[in-house]
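Every chain is numbered from 1, with letters handed out A, B, ... down the list of sequences. Only heavy atoms go into these numbers, but all of them, side chains included; no hydrogens, no water, no symmetry mates. Remember, it's a predicted structure, so these values are computed and weren't measured experimentally.
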Protein chains: 2
Amino acid sequence: MRDIAAELGIEAASLYSHIKSKDEILETICFRMADELLRAIDEVNDVYFNAEEKLATAIRNHVKIVTGDLNSSTVFLREWRRLPAEKLAEFVKLRNKYEDGFTQILINGENENVFEAPDKKFAVLTILSAVNWITEWYSPKGNMTPDEIAEHLFRFITTGLRVKITE
Amino acid sequence: MRDIAAELGIEAASLYSHIKSKDEILETICFRMADELLRAIDEVNDVYFNAEEKLATAIRNHVKIVTGDLNSSTVFLREWRRLPAEKLAEFVKLRNKYEDGFTQILINGENENVFEAPDKKFAVLTILSAVNWITEWYSPKGNMTPDEIAEHLFRFITTGLRVKITE
DNA sequence: CGGAATTACTAACGTTTGTTAGGTAAATAT
DNA sequence: ATATTTACCTAACAAACGTTAGTAATTCCG
């Protein structure tokens, strides 16, 4: 709290004119971002039909949200376990719903015979590892825009590293 | 320190008969695991020739190390930033060397015309995201062994999600 | 311009944290 | 059996932490 206050140029005790508690800050960050991600994936599953387009859009949305506020994303990804017990349980439900959203896309892809993911949970977790790991290395000053990152990730996730024979 | 001591059934003050400081514990965990990973990747680059085999072995080694001690791996992945400044700088160098090891594999793969990764840094970071994310979900009680996880990851990383036309 | 509302301050509190010091008990070595 | 070493204890310390209470300063509004 003293570090946050120092960033703002005020005393730690002054923060309590604006917030209720440190936990409230964490809850706001985590739930606001979770809600944003959930809204994005729900829209993807509602609006799009083509599984490839769904996946591409879901990845782009995720990358845009994560890179849109790196500080919040970093807190969201690293600190969610420190939510108070009741909020933590609620949060985990949201995470699971989000994963389910990606699973739905993979199921659609299999039905359309464009994706092949026998172990969908594994595939979804690996996709999420890629999009979430962006907080470890992304910089707005870097040479890739969020859309380029999303495009790279989509290609990596769908076609992998192997040289494409048909090209 | 009180939590660690409680796990051991002793008082926090008693820990100091066995260790120097809390920082020492963190340093030991981080550098021991970094050294282990570096030894593994160096051996892969020395011993193997075939890039696919290199990558498969590098992934298998990483997964084996990470799943071999989940507690240490979790601390290693999440807490390395809390190393004291000098140790942190040293640690970052080791991380970079490890990434370089993977980059070397991708370069070999391109020379052999089996891999295609124009942006190698991006590809390496995405590979590392997958192997490191294991700490988020792996359980020894789960239905996948570390070798199976490594195999799945290798397949995902090399061929992606798309249905293989040649099959 | 004065009063109300808002924001920020200082001081303080209770709790938590990492660690030290001195003492005691247990284990080990001679 | 005695001496030494090791491990653990209690007690304590200083610093850090999240937050409250009362007061002061600033801003806003009629």
Side-chain angles (χ1 to χ4, degrees), chain A residues 1-37 65-66 68-95 132 135-136, chain B residues 1-37 65-66 68-95 132 135-136:
Chain A
M1 299 305 279
R2 285 167 174 82
D3 288 345
I4 292 171
E7 281 293 312
L8 295 170
I10 61 177
E11 296 293 333
S14 307
L15 290 171
Y16 295 87
S17 298
H18 307 275
I19 61 155
K20 193 172 162 197
S21 68
K22 186 178 185 182
D23 270 352
E24 185 188 70
I25 299 177
L26 181 59
E27 284 168 30
T28 300
I29 291 173
C30 290
F31 282 89
R32 182 181 291 174
M33 189 147 283
D35 287 344
E36 198 175 353
L37 288 167
I65 291 166
V66 163
D69 187 340
L70 267 186
N71 290 326
S72 293
S73 300
T74 301
V75 172
F76 169 79
L77 286 164
R78 293 180 196 173
E79 307 295 342
W80 60 268
R81 289 173 200 83
R82 289 171 172 78
L83 286 162
E86 274 186 26
K87 294 289 183 178
L88 180 55
E90 204 178 313
F91 182 81
V92 166
K93 281 176 183 167
L94 298 183
R95 276 169 63 95
N132 286 332
T135 59
E136 302 287 322
Chain B
M1 300 307 278
R2 285 167 176 80
D3 289 343
I4 292 172
E7 282 293 313
L8 295 171
I10 62 179
E11 295 294 333
S14 306
L15 291 171
Y16 294 88
S17 297
H18 307 275
I19 62 155
K20 194 173 162 196
S21 68
K22 187 179 188 183
D23 270 353
E24 183 188 71
I25 299 177
L26 181 61
E27 284 168 31
T28 299
I29 291 173
C30 290
F31 282 90
R32 181 180 291 174
M33 189 148 282
D35 287 345
E36 198 174 352
L37 289 167
I65 291 167
V66 163
D69 187 342
L70 266 187
N71 290 327
S72 293
S73 300
T74 302
V75 171
F76 170 80
L77 286 166
R78 292 180 196 172
E79 308 294 343
W80 60 267
R81 289 174 199 84
R82 289 171 171 78
L83 287 163
E86 274 186 27
K87 293 291 182 177
L88 180 57
E90 205 179 312
F91 181 81
V92 166
K93 282 176 183 167
L94 298 182
R95 277 171 62 97
N132 286 330
T135 59
E136 302 287 320

>> Strictly under 4.0 angstrom, non-hydrogen atoms only: write out the protein contact profile of nucleotides 20-25 of chain C, one letter per nucleotide from the 5' end, B, S or -.
In response: B-----
Round to a whole Å and report the spacing from [atom1] of [X] to [atom2] of [N].
X: A/Met1; N: C/dT16; atom1: CE; atom2: P; result: 17 Å
X: A/Ile19; N: D/dT19; atom1: CD1; atom2: P; result: 7 Å
X: B/Arg82; N: C/dT17; atom1: CZ; atom2: C1'; result: 14 Å
X: A/Asp23; N: C/dT15; atom1: CG; atom2: C1'; result: 15 Å
X: A/Arg2; N: C/dT17; atom1: CZ; atom2: C1'; result: 14 Å
X: B/Leu15; N: D/dC9; atom1: CG; atom2: P; result: 10 Å

> Phosphate oxygens OP1/OP2 of D/dT6: is one of them under 4.0 Å from a side-chain N or O of B/His18?
Replying inline: no
From [options], pick the nucleotide closest to the side chain of [X]?
X: A/Glu11; options: C/dT19, C/dC9, D/dT19; answer: C/dC9
X: A/Ile10; options: D/dT19, C/dT19, C/dC9; answer: C/dC9
X: B/Ser21; options: C/dT19, D/dT19, C/dA8; answer: C/dT19

> Got a second to check how far A/His18's NE2 is from A/Ile10's CD1, nearest 0.5 Å?
Replying inline: 5.0 Å
> What's the shortest heavy-atom distance between B/Glu90 and B/Phe31, and which atoms?
Replying inline: OE2-CE2, 3.7 Å
> Below 4.0 angstrom, N of the basic side chain to O of the carboxylate: do B/Arg78 and B/Glu136 qualify?
Replying inline: yes
> Hey, is CD on A/Glu7 packed in by over 12 heavy atoms from elsewhere, all under 6.0 Å?
Replying inline: no
> Can you tell me if CD on A/Glu24 sees more than 12 non-hydrogen neighbours from other groups inside 6.0 Å?
Replying inline: yes
>> Is the shortest side-chain heavy-atom distance between B/Met33 and B/Leu77 below 4.5 Å?
In response: no
